[in-house]
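Okay, structure first, notes after.
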Amino acid sequence: MPAKKTSRRARLIVIAVVLLLVAGIGGGTFWTISTVRDSFPQTTGSLKLKGLEDPVTVQRDREGIPQVYADSSSDLFTAQGYVQAQDRFWEMDVRRHMTSGRLSEMFGAGQVKTDAFLRTLGWRRVAEREYAGLSKESKDNLKAYTAGVNAYLKDHSGSAASLEFAALDISGDYKPEKWDPVDSVAWLKAMAWDLRANMSSEIDRALMAGRLTSDQIAQLYPDYPAGRNKPVTEGAVDPKSKKFDPEGSSASSPGGTAAQQAVRKAGSQLSSLATRLDKIPSLLGPSNSGIGSNSWVVSGKYTTTGKPLLANDPHLAPQLPSIWYQMGLHCRTVTKSCPYDVSGFTFAGLPGVVIGHNQDISWGMTNLGADVTDLYLEKFKDGGYLYDGRRRSYKTRQETIKVAGGENRRITVRETGNGPVISDRDSELRKVGEESPVDNAAPDRGDGYGVSLRWTALKPSKTMDSVFELDRASDFGEFRAAARDFAVPSQNLIYADTKGNIGYQAPGRIPVRGEGDGRYPAPGWDPRYRWKGYVPQKALPWEYNPDRGYIVTANQAVVDEKKYPYMLTKDWGYGTRSQRINDLISSKIADGGKISMGDMQTMQMDNSSEIAKLLVPYLLKINIDDGYVREAQQLLEGWDYTQERDSAPAAYFNAVWRNMLLLAFGNKLPKELRVKGDCLNVRPSDESGPVDDLDGNTRLVRECGMRDAASAQPDGGDRWYEVVRNLIKDEHSDWWKTPGNNGRAGDRNRDELLAHAMKNARWELTSKLGKDIDSWSWGRLHHLMLKNQTIGTDGPGFMQFLLNRGPWDLGGGKDAVDATGWNAAGGYDVIWAPSMRMVVNLDDFDKSRWINLTGASGHAYNPHYVDQMDKWSEGALLPWAFSQRAVEKGTEEKMALTP
């Protein structure tokens, strides 16, 4: 963000705060300077912390990032809990209410439907069982962390814990309860939910099935381009492992005539379920809309340091504070009883480090994308459900939802043998005291059909054990052993160590299906569609020191499906980012070249548009008679396809791409999948503003919203790259034709449609950026706004102004390596981004670099609220000190925690 904009924003915030100090808010609750600063953490001097065995030191650098030094694991994690609560307790409290389906207790009746759905899934119930099965060491660490959080809560409430508590004026009625170890474990369920892969695609394809042909659906969901975009690995498999019988596993239909009829009859249930899924809080990012991450590791034989370099940048939803929390956890002397010397990124509310390095190894993560969820269509009969020709009774339980400022609600949760019934959840809400429905009565109508969910995360796992095991692993064997426990969410784990080795492991609990392949809802009444088990851990893909000398994971296919004995998913990402990274690495090391730390950082900021490379030659061949449009077309001549924020060609091309998708596909999909929400007419600044609509009539430029997670809509990601790549040479494909006024297909061919897309894009940008194309820039369209969670998203407008920050004008783009994602169906604003970036130097950890999306603090006026953001937007990285000597050198504030 330009310095002038930053300065102006700061002045406006100061003015607004002064006005609030004078006028007061919340019905007489007056803010003072002390109110604003009340929750700022103590970071110097000494502080007594009950439960410690020995003194602990907390050192913070100029960005406020804490490094904790202790003599025992118990003291280390107690201090971690205390320090995270100091910086981020509001975030932690909201998260635990979300994961347990208790948001209504904080925010009132507006969250009841969300709570009902989350109670139906039962994240908290699963987390309780999961905690019970963890190792003693993990439980001890979680208990120590919990003690630290509760030590903080003992002396902090209301504005002393967070400005948000004061802003909501709930501190008198609401007092945070004590932290519990299960609160931490439950967060893993939220992670798994947001990274659950293809559930939305499963619904969308089912809704398409009644209205589009199988060939049309196949065109919209093309096969992975294995011949062009390399998979992560060919899949090393333990020769002793035996695969399950794959008979029937390749079926691509919903499951025969009966299931197809059920899909049609349950269409309303699936459509309403899709709408409900979109309203569930998404803490990590919009699921199933092309969201992804990058990671890669390069062997020392190709680096300037002679040791591996490892890069990672997960692409998640931008929010305030950042999803990540940077931290170092150091045993002063590493021993068996205190084995941690680790630094990296974790989540507020979760002990340990999730991504980073210890003294021996480094690791990164990207979403593997394994298909770990299946929707089952259920036949309801006589208050039960059918399975294998017999009526079965539901498992039921009652859940009471407490509502702040309102009447409590009660739901009856029902489960089939496949999982909880999740369709039409809203219709079953009732006030406490109202007559309860018959326990066995089906809450879901839909002509006798409903939808249940089977999901690997609803079975307890040992993922929390895995986090601690990764933190203390010292070699590839221990790394792989730790990965075995990382059940959900299934991730690509890359590896490097100080001895020069690199590696990869695909962990996760991944189902082996009977009939069906997970692409469509399955008939829940047919036992042939039950899961047969899980892919054996020894058979999951891995690599160690591959001959090519590097490993890239960016949500592409993990294996060559023709060579691997198990089906992991049919819905991989399409490999645009991964292949670009592969190409950048291979070109750099050709003819003996070496890759430096700077090269790794430059690769992270690569913003080349792969779809532009395909389409621009076609766009430039089109004869444009309209001089006004021709002027914009000329922007593309000589363009190098980079998407810098000051690029006018990037702005115009992305507008053409968006309009092309809407013209070619937007009105041909089933009505349940089309753009939803209000459309706003925007009159172009020039009086000759009408442009061609989808049916060839004139219209004004329109901006529309859509289902956030609607993967069927043309969101513009690399699935649509592949769709268009397969169609582009067919000038007369039906997809290029648009309906005429009589509803029949028109005669428009590819070039005519592209010409109209260029015309529409010219007028759209005229309305947004002005008539002068010399003033256009991609960044003026492509904004990132950081929103404080809860109040900054749904609170009063003036509070959003005070708590939110931005906008920042950005370069990059959807499925560029610098993946600042936007949704072509809804506009150009950034809806996900690299949530952090790191480059780890295995030769000297102190030369590693990192940066967070916002800052260390969750307190709105703390200096570390967004102090990393400007550097992040410019692609800069911060020094990442690890050794005690380097940490000491960079320390700005030091605090002693004493028993």
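Across all their heavy atoms, Glu764 and Ala655 have their closest contact at OE1-CB, 4.2 Å. The nearest pair of heavy atoms linking Tyr504 to Pro541 is CE2-O, 3.7 Å. Nearest heavy-atom pair, Glu202 versus Gly518, reported as atom, atom and distance to 0.1 Å: OE1-O, 3.3 Å. Of all heavy-atom pairs between Ala876 and Ile851, the closest is O-CD1, 3.3 Å. What you find for Trp572 and Gln556 is that their closest heavy atoms are CE3-O, 3.7 Å. Nearest heavy-atom pair across Pro507 and Leu493 is CG-CD1, 3.8 Å.
Counting heavy atoms from C-beta on, the side chains of Ser848 and Val839 never come closer than 4.5 Å. Side-chain contact between Phe653 and Trp778 is absent, with no heavy-atom pair separated by less than 4.5 Å. Inter-residue side-chain proximity for Leu781 and Lys768 is flagged as met; some heavy-atom pair is nearer than 4.5 Å. Under the 4.5 Å side-chain criterion, counting only non-hydrogen atoms from C-beta, Trp832 is not in contact with Leu316.
Under 4.0 Å is where a charged nitrogen must lie from a carboxylate oxygen, and between Arg205 and Asp571 at least one such pair does. Using a 4.0 Å cut-off between charged side-chain N and carboxylate O, Arg577 and Asp815 make a salt bridge. A salt bridge between Asp625 and Lys759 is absent, with no side-chain N of the basic residue lying under 4.0 Å from a carboxylate O of the acidic one. Using a 4.0 Å cut-off between charged nitrogen and carboxylate oxygen, Asp517 and Arg519 count as a salt-bridge pair. With respect to Arg630 and Glu637, a salt bridge is recorded, a charged nitrogen being found less than 4.0 Å from a carboxylate O. Note on Asp583 versus Arg580: no salt bridge recorded, every NZ/NE/NH1/NH2 to OD/OE distance being 4.0 Å or above.
At a cut-off of 3.5 Å, with distance as the only test, a side-chain donor of Lys613 or Ser608 sits close to an acceptor on the other residue. No side-chain donor from either of Gln505 and Asn492 sits under 3.5 Å from a side-chain acceptor of the other. Counted by atom type alone, Thr602 and Asp599 present zero donor-acceptor pairs between their side chains at under 3.5 Å. In this structure, a donor-acceptor pair under 3.5 Å is present between the side chains of Glu644 and Asn607.
At distances below 3.5 Å, at least one donor-acceptor pair connects side-chain atoms of Trp776 with backbone N or O atoms of Gly770. No donor-acceptor pair under 3.5 Å is formed between the side chain of Gln219 and the backbone N or O of Trp735. Lys737 places no side-chain N or O within donor-acceptor distance of the main-chain N or O of Asn749, the cut-off being under 3.5 Å. Checking side-chain atoms of Ser835 against main-chain N and O of His315 turns up no donor-acceptor pair under 3.5 Å. With Asn654 contributing its side chain and Ala650 its backbone, the two residues share a donor-acceptor pair below 3.5 Å. Remark: side-chain polar atoms of Asn555 are paired, donor with acceptor, to backbone N or O of Asn367 under 3.5 angstrom. Under a 3.5 Å cut-off, the side chain of Asn312 and the backbone N or O of Asn294 do form a donor-acceptor pair. The backbone N or O of Ala557 lies less than 3.5 Å from no partner atom in the side chain of Glu561, so there is not a single donor-acceptor pair. A distance-only check finds a donor-acceptor pair linking the side chain of Arg719 to the backbone of Leu220 [under 3.5 Å]. Between the side chain of Gln579 and the main chain of Lys230, a donor-acceptor pair closer than 3.5 Å is present.
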Walk me through whether Met785 and Asp829 qualify under side-chain contact (heavy atoms from CB on, under 4.5 Å). CA-CA 8 Å; Met785 188 72 188; Asp829 286 344; over 6 Å; no

Before you tell me yes or no, could you show the steps for Gln868 and Leu853 under side-chain contact (heavy atoms from CB on, under 4.5 Å), namely the whole-Å CA-CA distance, both residues' side-chain angles and the distance that decides it to 0.1 Å? CA-CA 7 Å; Gln868 298 185 47; Leu853 181 65; over 6 Å; no

With side-chain hydrogen bond (donor to acceptor under 3.5 Å, both in side chains) as the test, would you mind laying out the steps for Asp734 and Gln216 before giving the verdict? CA-CA 10 Å; Asp734 287 343; Gln216 288 174 318; 5.8 Å; no

Run the side-chain contact (heavy atoms from CB on, under 4.5 Å) check on Asp606 and Asp818 step by step: do they pass? CA-CA 6 Å; Asp606 182 87; Asp818 180 18; over 6 Å; no

Test Ile551 against Trp296 for side-chain contact (heavy atoms from CB on, under 4.5 Å), laying out the working first. CA-CA 6 Å; Ile551 301 170; Trp296 66 93; over 6 Å; no

Mind running side-chain hydrogen bond (donor to acceptor under 3.5 Å, both in side chains) on Asp809 and His782 for me, showing each step along the way? CA-CA 6 Å; Asp809 299 347; His782 195 47; over 6 Å; no

Please assess Trp657 against Tyr721 for the test ring pair (Phe, Tyr, Trp, His ring centres under 6.0 Å), listing each intermediate value before the final yes or no. CA-CA 10 Å; Trp657 171 237; Tyr721 295 8; 5.8 Å; yes

If you apply the rule side-chain hydrogen bond (donor to acceptor under 3.5 Å, both in side chains), what do you find for Asp371 with Asn198, and how did you get there? CA-CA 6 Å; Asp371 187 356; Asn198 78 334; 3.2 Å; yes

Between Asp718 and Thr576, is a side-chain hydrogen bond (donor to acceptor under 3.5 Å, both in side chains) present by the stated rule, with each step listed? CA-CA 6 Å; Asp718 69 351; Thr576 299; 3.2 Å; yes

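Aromatic ring pairs are classed by plane angle as parallel below 30°, tilted from 30° to 60° and perpendicular above 60°; the pair Tyr828 and Trp822 is tilted. A tilted orientation is assigned to the rings of Trp736 and Phe665, their planes being inclined by 30° to 60°.
Both the sub-6.0 Å distance and the 45° axial angle are satisfied by Arg762 relative to the ring of Tyr628.
To the nearest 0.5 Å, atoms CG (Leu769) and CZ (Arg780) are separated by 4.5 Å. For the atom pair CZ (Phe345) and CE (Met836), the distance works out to 4.5 Å, reported to the nearest 0.5 Å. Expressed to the nearest 0.5 Å, how far OH of Tyr495 lies from CH2 of Trp542 amounts to 12.5 Å. The CD atom of Gln491 lies 9.0 Å from the OG1 atom of Thr553; values are rounded to the nearest 0.5 Å. For the atom pair Met191 CE and Ile323 CD1, the distance stands at 9.0 Å (nearest 0.5 Å). With rounding to the nearest 0.5 angstrom, the OG1 atom of Thr854 is 13.0 Å from the CH2 atom of Trp324.
More than 12 heavy-atom neighbours from other residues, nucleotides or ligands sit within 6.0 angstrom of NZ on Lys594. In Lys301, the NZ atom is crowded: over 12 heavy atoms of neighbouring residues, nucleotides or ligands sit closer than 6.0 Å. Annotation: Asp640, atom CG; neighbour count of heavy atoms from other residues, nucleotides and ligands within 6.0 Å is above 12.
Partners of Arg725 under the salt bridge (charged side-chain N to carboxylate O under 4.0 Å, His left out) rule, at least two apart in sequence or in another chain, are Glu722. Listed by chain and residue number, Val298, Ile589 satisfy the side-chain contact (heavy atoms from CB on, under 4.5 Å) test with Tyr302 (two or more places apart in sequence, or in another chain).
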